[in-house]
Protein chains: 2
Amino acid sequence: MHHSELVTVLKERREALGITQAHLAELSDVSLRTLKALEVGKGNPTLETIAKLIEVLGMELKLEIKAPQHDKQ
Amino acid sequence: MHHSELVTVLKERREALGITQAHLAELSDVSLRTLKALEVGKGNPTLETIAKLIEVLGMELKLEIKAPQHDKQ
DNA sequence: GTAAAAAGTGCAACATAATGCTCTTTTAGT
DNA sequence: ACTAAAAGAGCATTATGTTGCACTTTTTAC
């Protein structure tokens, strides 16, 4: 999962939960300015910023050994 | 997966591949200073730094909806 | 079509991640 | 034990992520 893909997933999850950027920003203690920039693919968020957001979004990061090409779907 | 856990996985993967910090730093275009700090849990790496490292380590990030407690093993 | 809410942008200040250099400590091999 | 390689730490500099404020644009609801 690359940067743009991660951004898309975060945004879609927020929308699926039906919460605004402002609300997510407040719940996650990430500034609204930072969240807005992040969702349009600006910048290079820190692990902490991502962690705060996904915690509120009920998500989790996993780090795995990449599957060989022929195993991909 | 939280910060310390991610750090542990990265370090163990590097060691499993039998490459030094210096070598990984060179291959991933992350400075040795940054890699060293990261592996001892100092700081708050950016997504780009993590992405560079896991690319070389043959790993990938996944972002998933958190499984309910009773589904965890 | 209008109004309100939500989303996106520009700018500047502040905080801190990334980096290079040098040095110390730890680990691995003989 | 000795040596060399690898890992970790302190410091200063540079680059950039985070934030708040004010404003514009887009979307949503009536």
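All values reported here derive from a predicted model rather than from experimental measurement. Just so it is clear: chains get the letters A, B, ... in the order the sequence lines come, proteins before strands, and each one is counted from 1. Just the heavy atoms: all of them, side chains too, but no hydrogens, waters or symmetry mates, feed the values below.
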Note: E64(B) and K62(B) closest approach over all heavy atoms is OE2-CD, 3.8 Å
Below 4.5 Å, heavy atoms only, C-beta onward: do S31(B) and T34(B) meet side chain to side chain? yes
Can you tell me how far apart CD1 (I65(B)) and CG (L57(A)) are? Round to the nearest 0.5 Å. 9.5 Å
Any chance you could list the contact pattern along nucleotides 24-30 of chain D? Use B for base contacts, S for sugar-phosphate-only contacts and - for none, protein heavy atoms under 4.0 Å, 5' to 3'. -------
By side chain to side chain contact (heavy atoms under 4.5 Å, CB included), which residues pair with A25(A), not counting sequence neighbours? L32(A), L35(A)
Would you say that more than 12 heavy atoms from the other residues, nucleotides or ligands in this model lie under 6.0 Å from the CD of E55(B), or not? no
B/S/- along nucleotides 14-21 of chain D (protein heavy atoms under 4.0 Å) is ---SSBBB
Does R14(A) reach the main-chain N or O of L24(A) with its side chain, forming a donor-acceptor pair under 3.5 Å? no
Taking the axis from the first five pairs and the axis from the last five, what angle separates them in the helix from dG1(C)-dC30(D) to dT30(C)-dA1(D), rounded to 10 degrees? 80°
Who pairs with T46(A) by side chain to side chain contact (heavy atoms under 4.5 Å, CB included), at least two apart in sequence or on another chain? E48(A), T49(A), N44(B), T46(B)
Which heavy atom of M59(A) sits nearest a heavy atom of K66(B), and at what distance? O-CE, 3.3 Å
Residues from residues 10-21 of chain A sitting under 4.0 Å of DNA chain D, heavy atoms only? none
Ignoring hydrogens and angles, tell me if any N or O in the side chain of K52(B) forms a donor-acceptor pair with the backbone of D29(B) under 3.5 Å. yes
Sub-4.5 Å side-chain heavy-atom contact between M1(B) and E60(A): no
Are the side chains of L38(B) and L53(B) in touch, meaning some heavy atoms are under 4.5 Å apart? yes
What is the distance from NZ of K36(A) to C1' of dG10(C), rounded to the nearest Å? 14 Å
Provide the closest heavy-atom pair for H3(A) versus P45(A) in the form atom of the first, atom of the second, distance. NE2-CD, 3.9 Å
